[in-house]
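Source: prediction; values computed, not measured.
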Amino acid sequence: MTCPSRAPSALALLVPLALLALVALFPQPAGAASAWPASLTSVEAISPPVPSRTPDSAATDSPAPSSAAPQDTSALQFHGFRAGARLEELAAVVRRGGGRMRCDRAARDPRVSECRGTVTDSALGGPVDVWISAIDSAAGVVALSAPVDAERLERWRRTIERRYGVVRTKAQGSQRMMQWVRRGRMLRLTWRIERGERTASVSLVDGRVLDAWGAERATASP
């Protein structure tokens, strides 16, 4: 079934621009690997999820959830991490996962903080790197990434689908992506194989936080 096209909203246009601006605030040293997950540096405009999913070699198909299954549509989260949360809340989630979080402020915009940490929660299947970009201590972007085998990736996918339903897998080169959108927030599961290793990331974006920040920057620009 083909979904009708929609004109991009102001939110859909501003969020990718705000993400690019956040990248510029935290430049990486020459030759260093980027701290930004690839799923975010190539972020697309937020679009509504589609109701079906095509088969994919990296994650096996599962039946659509029963209509009687409860669906959580209030706020997108993954193992306690959610975009829009305060840094104090996310630091507590990291501590419960056996990790610690360190934050630095951007020199050019002290409202913006970049936080990094690692959690070792067994529910995630092993160590996971956590990266957060916050504006005025509210997380605009939360990303969790780790090397995964097929079983671990499948566990992540099923965890998300049980809460938010089945969506189509999209391909972009060697990268595969599934995306859910709820009330201005986005959750994206991305995976790819590079040099024989599969890496997956779960990215949570609060469009309203980025939208407000991007609009303020645009207004303040000469």
Side-chain angles (χ1 to χ4, degrees), residues 11-12 14-16 18-19 22 35-41 43-49 65 69-103 111-146 148 152-153 155-167 177-191 200-214:
L11 177 67
L14 280 172
V15 166
L19 285 170
L22 287 172
W36 286 79
S39 59
L40 290 176
T41 53
V43 69
E44 302 168 350
I46 290 180
S47 56
Q71 294 294 308
D72 180 354
T73 59
S74 57
L76 297 169
Q77 62 93 13
F78 183 68
H79 286 277
F81 291 92
R82 63 183 184 89
R86 305 293 295 176
L87 286 180
E88 295 86 350
E89 174 186 329
L90 295 173
V93 176
V94 171
R95 287 194 299 271
R96 287 196 297 271
R100 298 179 63 184
M101 191 171 79
R102 175 180 174 177
C103 298
R111 296 175 55 196
V112 179
S113 299
E114 182 186 67
C115 304
R116 303 184 197 185
T118 302
V119 295
T120 56
D121 190 346
S122 60
L124 287 164
V128 174
D129 292 328
V130 179
W131 178 91
I132 300 166
S133 182
I135 300 162
D136 291 330
S137 295
V141 184
V142 179
L144 298 91
S145 62
V148 298
R152 190 180 188 188
L153 174 60
R155 190 187 312 169
W156 287 18
R157 180 180 68 79
R158 288 184 180 275
T159 295
I160 298 169
E161 287 184 335
R162 277 196 297 268
R163 294 181 68 94
Y164 307 117
V166 177
V167 298
M177 180 267 287
M178 301 171 72
Q179 179 173 291
W180 294 259
V181 176
R182 299 286 189 277
R183 301 181 184 179
R185 295 186 177 96
M186 180 190 76
L187 186 156
R188 176 179 289 178
L189 172 63
T190 308
W191 65 96
S201 67
V202 174
S203 307
L204 300 112
V205 178
D206 191 312
R208 293 170 293 186
V209 172
L210 296 182
D211 181 34
W213 182 68

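Here Leu87 contributes atom CG and Cys115 contributes atom SG; the two are 4.5 Å apart, rounded to the nearest 0.5 Å. A distance of 9.0 Å separates CZ in Arg102 from CZ in Arg116, rounded to the nearest 0.5 Å. In this structure, Thr190 OG1 and Met178 CE are separated by 10.5 Å, a value rounded to the nearest 0.5 Å.
Gly84 approaches Asp206 most closely through the heavy-atom pair CA-OD2, 3.3 Å. Shown here for His79 and Thr159, the closest heavy-atom pair between the two residues is NE2-CG2, 4.2 Å. When every heavy atom of Met101 is checked against every heavy atom of Ile132, the shortest pair comes out as SD-CD1, 3.5 Å. Annotation for Ala138 and Val209: closest pair O-CG1, 4.0 Å, computed over non-hydrogen atoms.
Contact annotation: the side chain of Ile160 never approaches that of Leu76 to less than 4.5 Å [non-hydrogen atoms, C-beta and beyond].
Side chain of Tyr164 to backbone of Gln77: a donor-acceptor contact under 3.5 angstrom is found. Under the 3.5 Å distance criterion, the side-chain polar atoms of Ser203 are left unmatched by any main-chain donor or acceptor of Leu187.
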Show your working on side-chain contact (heavy atoms from CB on, under 4.5 Å) between Glu114 and Trp131 and close with a plain yes or no. CA-CA 7 Å; Glu114 182 186 67; Trp131 178 91; 3.1 Å; yes
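For Val93, the side-chain contact (heavy atoms from CB on, under 4.5 Å) partners two or more places apart in sequence, or in a different chain, are Phe81, Arg96. Applying the side-chain contact (heavy atoms from CB on, under 4.5 Å) rule to Arg152 yields the partners Val128, Ala146, Val148, Asp149, Trp156; only residues at least two apart in sequence or on another chain are considered.
Just one of Arg163, Arg157, Arg158 meets the salt bridge (charged side-chain N to carboxylate O under 4.0 Å, His left out) condition when paired with Glu161; it is Arg157.
Judged as a salt bridge (Lys or Arg N to Asp or Glu O under 4.0 Å), the pairs with a partner in residues 76-95 (not counting sequence neighbours) are, in order, Arg82-Glu89. Among residue pairs with one or both ends in residues 120-141, those qualifying as salt bridge (Lys or Arg N to Asp or Glu O under 4.0 Å) are Arg111-Asp136; sequence neighbours excluded.
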